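All ligand and atom numbering here is 1-based and tracks the order in the structure. All figures in this text were calculated on a predicted structure; none of them were measured in a lab.
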Amino acid sequence: MRIETEIKLDFKDVLIRPKRSTLNTRAEVDISREFSFRHSKHSYRGVPIIAANMDTVGTFEMAGALTKHHMATALHKHYNLAQYIGFFRALSASGVVFYSLGISEQDESKLHQVMQQLKPPSVIRYVCIDAANGYTEKFVAFVQKIRKAYPDIVLMAGNVVTGEMTEELILAGADIVKVGIGPGSVCTTRKMTGVGYPQLSAIIECADAAHGLEGHICADGGCTTVGDIAKAFGGGADFVMLGGMFAGHDECGGETIVRDEQKYMRFYGMSSKTAMDKYAGGVASYRAAEGKEVLAPYRGPVEGTAQEILGGVRSACTYVGARRLREFSKRTTFIRVGQQLNEVFGKS
Ligand code: 5GP
């Protein structure tokens with residue numbers, strides 16, 4: 001047994017220090033980014049915020065709404081073949097939408113079938129391989145296999161939280177490594193296993209490792225406010241993935257419920273009992289659920305939330321004098337704090 005005593009940070013432990021700048025208004029700020037990748041030949045341009053591949057959030061409808069704001073969506077993996085083909089045939093070339101899969105044989109064969117049936121120019125450019133635990137040899141081998149089969153795709157893979165595993169996944173063929181174990185709003189991994197890593201430190205350490213290899217990272221999970229998204233970018237995240245912040249909208253999948261005259265939408269983790277009952281015929285006897293179900297307050301169309309996110313990130317750039325999101329992390333100084341929000345009138 002060993003103990004690491006260096007303090008690791010979460011979003012709540014820091015604030016971003018404002019800096020003098022020549023920027024006059026947030027309208028001057030460009031929050032889109034352009035990336036070329038270590039493996040893929042495709043280049044990317046857009047606002048690097050991605051709706052999570054959860055079945056309540058990563059829907060076709062969400063992709064349609066976020067594409068208008070140049071944001072991305074990782075689709076959930078439970079659509080059928082015909083649905084994917086119809087969707088990708090209709091997707092415009094500038095839309096950034098990830099096809100997601102796990103590492104089962106079924107998921108792999110569905111990917112091959114979708115790929116075979118789509119003919120240029122309707123192709124899948126972005127693929128996300130997702131496992132709760134990105135540390136297994138099987139996972140690394142799967143990433144290698146998919147990279148070999150599709151040399152041109154932009155491949156995102158995860159999740160991990162440490163530099164050495166980020167490097168291993170990039171060397172195995174990932175362009176973008178997804179970072180986060182346990183910070184999610186409906187995740188119970190930390191509670192069920194005691195495993196995890198404070199998300200801001202994970203981002204800082206994994207981004208550093210990835211950038212040294214011309215790789216990229218996507219900070220996944222734990223953002224509860226637009227300020228947290230800004231902190232993730234400040235810590236070096238190239239992309240930020242959001243689940244809970246996009247929950248409760250018209251574009252989300254799942255039931256709407258009325259309780260005490262308030263409207264809610266069911267939102268649950270993809271390893272929750274709810275999800276396993278729905279897709280895997282229940283929780284297998286050898287495992288425990290590592291996600292929970294909550295009622296997310298209904299918030300109408302995602303348009304309003306999207307505008308709020310874009311406005312907040314733009315404003316964060318203005319405070320540190322970053323004319324482009326690209327400069328944001330270089331201009332970020334975090335200060336450690338004991339309190340970040342004044343909640344005298346509640347938490348909203
Ligand atoms: P959020 O933005 O809601 O804080 O986090 C979203 C992320 O939580 C997802 O992208 C995914 O990585 C993670 N997640 C989703 N469902 C589950 C689950 O059931 N268990 C765990 N451990 N993580 C989950």
Side-chain angles (χ1 to χ4, degrees), residues 10-12 48-59 62 66 71-78 98 100-103 128-135 139 156-161 176-200 202-203 206 217-233 237 239-249 252-254 265-280 282-284 287-297 299 302 305-306 309:
D10 264 310
F11 297 130
K12 68 164 185 16
I49 292 176
I50 310 176
N53 51 319
M54 302 167 74
D55 68 347
T56 43
V57 172
T59 62
M62 186 65 78
L66 294 185
M71 290 195 248
T73 299
L75 295 174
H76 69 74
K77 66 173 196 175
H78 299 292
F98 288 79
S100 310
L101 73 164
I103 61 171
C128 167
I129 307 177
D130 201 8
N133 175 3
Y135 282 79
F139 185 75
M156 176 154 75
N159 283 20
V160 300
V161 285
I176 308 165
V177 173
K178 204 145 70 75
V179 173
I181 293 188
S185 58
V186 283
C187 164
T188 56
T189 294
R190 292 180 182 177
K191 204 168 152 187
M192 290 303 295
T193 67
V195 175
Y197 209 98
Q199 182 67 350
L200 181 63
I203 293 168
C206 294
I217 69 151
C218 173
D220 176 20
C223 289
T224 58
T225 58
V226 188
D228 291 344
I229 302 174
K231 289 172 190 176
F233 284 131
F239 295 86
V240 176
M241 180 173 269
L242 305 175
M245 286 188 69
F246 281 136
H249 295 100
C252 295
M265 291 183 81
R266 279 192 199 286
F267 177 56
Y268 46 84
M270 294 313 292
S271 306
S272 65
K273 183 173 179 310
T274 311
M276 287 194 267
D277 284 347
K278 195 163 170 190
Y279 299 113
V283 181
R287 63 182 293 184
E290 285 181 26
K292 64 182 176 185
E293 176 179 314
V294 298
L295 293 180
R299 292 189 276 166
V302 76
T305 300
I309 291 173

Practice task
Have a look at Met241 and tell me which of Thr73, Val179, Ile50 forms a side-chain contact (heavy atoms from CB on, under 4.5 Å) with it.
Solution key: Ile50
Exercise for the section: Could you please provide the protein residues found below 4.0 Å of ligand 1 on a heavy-atom basis, arranged by chain and number? Expected result: Ala52, Met54, Asn159, Gly184, Ser185, Cys187, Thr189, Asp220, Gly221, Gly222, Met241, Leu242, Gly243, Gly244, Gly269, Met270, Ser271, Ser272, Glu290, Gly291
Practice task
Assess the side chains of Glu290 and Thr189: does a donor N or O sit below 3.5 Å from an acceptor N or O?
Solution key: yes
Problem - Ile229, Thr224, Asp228 screened by side-chain contact (heavy atoms from CB on, under 4.5 Å) with Phe11, the one that passes - result: Asp228
Exercise for the section: Could you tell me whether Lys278 and Asp55 have a side-chain N and a carboxylate O separated by less than 4.0 Å? Expected result: yes
Problem - Shortest non-hydrogen contact between Ser185 and Phe267, atoms and distance - result: OG-CE2, 3.5 Å
Practice task
Examine the side chains of His76 and Thr59 and answer whether a donor and an acceptor come within less than 3.5 Å of each other.
Solution key: no
